[in-house]
Visitor: 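Attaching a single structure in structure tokens format; questions to follow.
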Amino acid sequence: MTLTRSGPLRRLRAFAGQVGLLAVLGLLAAALLTGAPRLANEYADRGLAADVATLPPLVRDISMPMVIEPDNTAPAAAGVDSLDKYRDKLPEPLPGLIDDGWYSATVGPNGVNASGDFIPLNGDTKPGMALRAQTGLQEAVRMVDGGWPATNGRAPGGGIAITVSQLTAEVLSLRVGSKFEVNGGLKPTAVEVVGIFDPLDPTAPIWNDMRLAVEPLVPMADGDPFKTMAVTTWAGMDLARRDVGMPVYNWYYRVDEKRLDADGIESVITALTQLKQTPPVLESKVATSLDTALVKIGERLASVRALLAVVQTGVLASLIGLILLAARLSLERRREELALLRARGASTSTIGVRVLAESVLVQPLAVLMGWLLGTLVPGRSAGTEWLVPVLAVITTGAVAVLAMSSQRRVTFVVRRQDLIRQRPSARRLTAEISVLALAALGVFLLRRRGLEPNGGVDPYLVSVPVLLAVGTALIALRVLPWPLRMIGQVAARARGAVLFLGLVRAGRGAPVTIGPLAVLVIAITTGVFSGVVADTISTARDEAADQVIPADASLTGVTFAATTTDRISALPGVTAVAPVSLENSRQLRSGPGAADHELGQAQVVVVDVPKFVEVMRHSGIPTDGVPAALRQATRGDGPVPALVSPTVAAQVGKGAVANVQGRQYAFTTSTVAPTFPGLELDVERFVVLPWQALPVPDFKPVLPNRFLLAGDGYDRTALLRTADDGQREWREGATGKSAAGTTVPAELVIRTDYRRSLDRTGGNELLSLTFAIGGLGATGLALLAVGFAVVAEARTRGKVLSRLRTMGLSGRQGRQLLVYELLPLVGAAVLAGGVVGAVLPGLLGPALNLSTFTAGVAARTHLDPLLVGGVLLLVVVGLAAALAIENLINRRMRLGEVLRLGEEN
């Protein structure tokens, strides 16, 4: 009567271990289901903000320039009041993303020249000078000398009053009171400098659209003009409109990257597309490339989210499998109790309600606690939290459903399922074949259609890996007894019975261990998949770094003097140096004659190939990408051999003429290749010429603008100083004037630093989270699965050990018996899961689009031997954990008393 009258609380105390285990698993699953997507959203939003923050201002921000018609008599200041009005008219959600905005009016610098009676305004090449008025400028500067222009825009001595930055004043030799003229084609107009300012923050967004005011454009070649910008008032702009030229009015809006979220990318792209079609300023044309940038960023985020979805689903499937195993284990401990209830007349529904009454007290609360823990994780809530109630239903009702199912036929005899030899039913075979067919069909469909276009959770993508893992576990379950049977026959003839008994029990225990085997395969698959993807991405990024910087370091400048190469080579720590000349958008022609036609533009690269190969070898970079035709090229009278890209080869055919620093050089197409070491990965049109073979005249040598270095331990400061001296020497020789303070500093990029920068891309935090969940989660769940395999057979194994000990089995041999019994199970699961996890990146490659993480290098599946070693170590750790669990169970069960328990069976 105690069984029927005991309340749920008393029964909970009696089975606290099993109930607590199920509750902990439910809590972990709920926390993972809630917290991981929230953290993923947090990292995705941060990655999006980081990627947008690195975009050039004129790409990420929105500007609406308008060139006014001559008959428009409205003053320049009229657009100030419309700044907020036009912002509010932007398509949603753009108004809420705007952080700040400015209205400006500009004349020049193209077509507007400055001239005066002092250097450099009195030279043959007149500097280009723009005149600008903009909202918010007066609050963004500190006056160094003089003051702000008067409201009427006129200077004390007549003409337009202007202010310039301190750097502009130094470059153009200006001071307060300097007078000169600007000419935009209408008539020469007098201007006077009334103030010199310094920006409070030269990097502030307010200067994005007027960098010439802060940093004058210094000429890069002899004969090129200076370009700069002066600031005036709105009234001054009206004067400039009358006398200098028609201004361009512009409404500029700063997009705050921190207000963007990854889920709203599509709506922002749609709004920007609509804005370009119908701008609020009818006469304007919207200038922004944020929509194009967001498309690329969205593709990368979609890929990393897809990876996370695959890994999270694998971990979650393993957890649910463990929950079902825990439910079955709880049921096994209560089989006699439930059978007694059935014998006393209880129906299966009564038994289900009895067990459910216990679960309701604990499991929903555990899932709720897991959900609350998950909500503490920073980030936006995800669309998967509706699964938490489903998880609560599973954990609460699993034991009840299994209890009703097991008690449909009343029996007091505990059957030894390890001795069941019956053939699988047609229903079961159909189910197993269906799982395999669904997995194969899912892979086929996923490879054909790619990711879900709306960016949500792709049901195909998240289900296919789990289906493949389950299908592989089913195949392993069917195949495993055959080799065990053959090995067991050999072991039967060997000395000692421990190996034979272990293998026999492993082969007979398939019906009992199918659950742990399936969970173990899914966990191993998830872990190996995460490891292979991580190694694939890392290897591809290594290749990208070797491609972009095929040396220990790259030194880039505007133009270096011819003697700079030798001076850099003489620096301590520099092993080898290769000069490179790289020019963008150079014209290709079919021949040197005037009658020949143009063949389009390309990036023309001139490289000293022998020195280049030497640098690559000293830097440990493979030289396979440098063809023999370039290495062996020598100077002659005819065209030089060249390596060209496929798109250029289709146009030039057997050869053409390339413009190198203003001189024509003929070349023949000797090699066609999609890339060349040292070029950016997205360059599609290029020509590579061997420097040592070019017929370069002494009076016009080819000058480098880049050096590739090999070496270690060199002084970076000395290297950059030598490079800047080389730039200054070239400029002074070309202009005949001192170039002090006017050269653009050289830039040094170390290959290892560039490689690390690839790991700091916007979505890398999300990638790291994915690999952490996959690696750590899969390892922990795999060990739990091994533990469940031990616990599931603990009672039966205890009886076997008790009987064998009466026949002289030692404790050490008992542990060996467990190892021999578990090793086939763990080994088969590791082999099956490892194979599936290793091939999954290749199977899902078109959908995952891993190349979005590798700077454009094709992501080829790569398996690190360390990963294989880690999996083997997991096997050893799993077996050690199994021995520890077995020892603990045996102590609690008291093996000497096991044979007296259940003797009636």
Side-chain angles (χ1 to χ4, degrees), residues 29 32 36 306-322 324-325 432 435-436 438-440 442-443 446-447 458-480 513-537 770-786 788-789 824-845 847-848 850 861-864 866-875 877-878:
L32 174 67
L307 273 174
L308 179 62
V310 171
V311 171
Q312 185 181 357
T313 303
V315 173
L316 190 61
S318 301
L319 267 174
I320 292 177
L322 291 176
L324 296 178
L325 290 177
E432 294 178 357
V435 170
L436 295 174
L438 284 174
V443 171
L446 191 61
R447 289 177 64 87
D458 193 323
Y460 277 104
L461 186 66
V462 299
S463 61
V464 166
V466 175
L467 289 174
L468 281 175
V470 173
T472 305
L474 294 174
I475 294 175
L477 181 67
R478 297 298 175 198
V479 174
L480 183 61
T513 56
I514 179 173
L517 177 67
V519 173
L520 191 55
V521 170
I522 295 174
I524 294 295
T525 297
T526 304
V528 172
F529 170 78
S530 301
V532 170
V533 170
D535 190 55
T536 298
I537 293 175
T770 300
F771 299 146
I773 292 177
L776 299 178
T779 301
L781 295 176
L783 294 177
L784 282 175
V786 173
F788 271 101
L825 168 70
V826 177
V830 168
L831 179 62
V835 170
V836 175
V839 302
L840 263 181
L843 292 176
L844 305 180
L848 295 176
L850 297 181
T861 302
H862 186 271
L863 181 61
D864 193 336
L866 292 178
L867 180 61
V868 178
V871 173
L872 296 178
L873 179 62
L874 179 62
V875 174
V877 173

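On a predicted model such as this, the values are computed, not experimentally measured, just so you know.
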Visitor: Can you measure from CG (L307) to CD1 (I773) and round to the nearest 0.5 angstrom?
Guide: 11.5 Å
Visitor: What residues, two or more places apart in sequence or in another chain, satisfy side chain to side chain contact (heavy atoms under 4.5 Å, CB included) together with I475?
Guide: L436, V479
Visitor: Got a second to check how far L468's CG is from L843's CG, nearest 0.5 Å?
Guide: 7.0 Å
Visitor: In residues 519-535, what donor-acceptor pairs under 3.5 Å come from side-chain atoms, sequence neighbours left out?
Guide:
| from | atom 1 | to | atom 2 | distance (Å) |
| --- | --- | --- | --- | --- |
| T525 | OG1 | V521 | O | 2.7 |
| T525 | OG1 | G833 | O | 3.4 |
| T526 | OG1 | I522 | O | 2.9 |
| S530 | OG | T526 | O | 2.9 |
| D535 | OD2 | H862 | ND1 | 2.3 |
| D535 | OD2 | D864 | N | 3.3 |

Visitor: Distance check, rounded to the nearest 0.5 Å: L467 atom CG versus L474 atom CG?
Guide: 10.5 Å
Visitor: Please find the pair of heavy atoms, one from A469 and one from V836, that lie closest to each other, and give the distance.
Guide: N-CG1, 4.4 Å
Visitor: If you apply the rule side chain to side chain contact (heavy atoms under 4.5 Å, CB included), what do you find for I537 with F771, and how did you get there?
Guide: CA-CA 11 Å; I537 293 175; F771 299 146; 4.1 Å; yes
Visitor: If you take all heavy atoms of A838 and P841, which pair is closest and at what distance?
Guide: O-CD, 3.5 Å
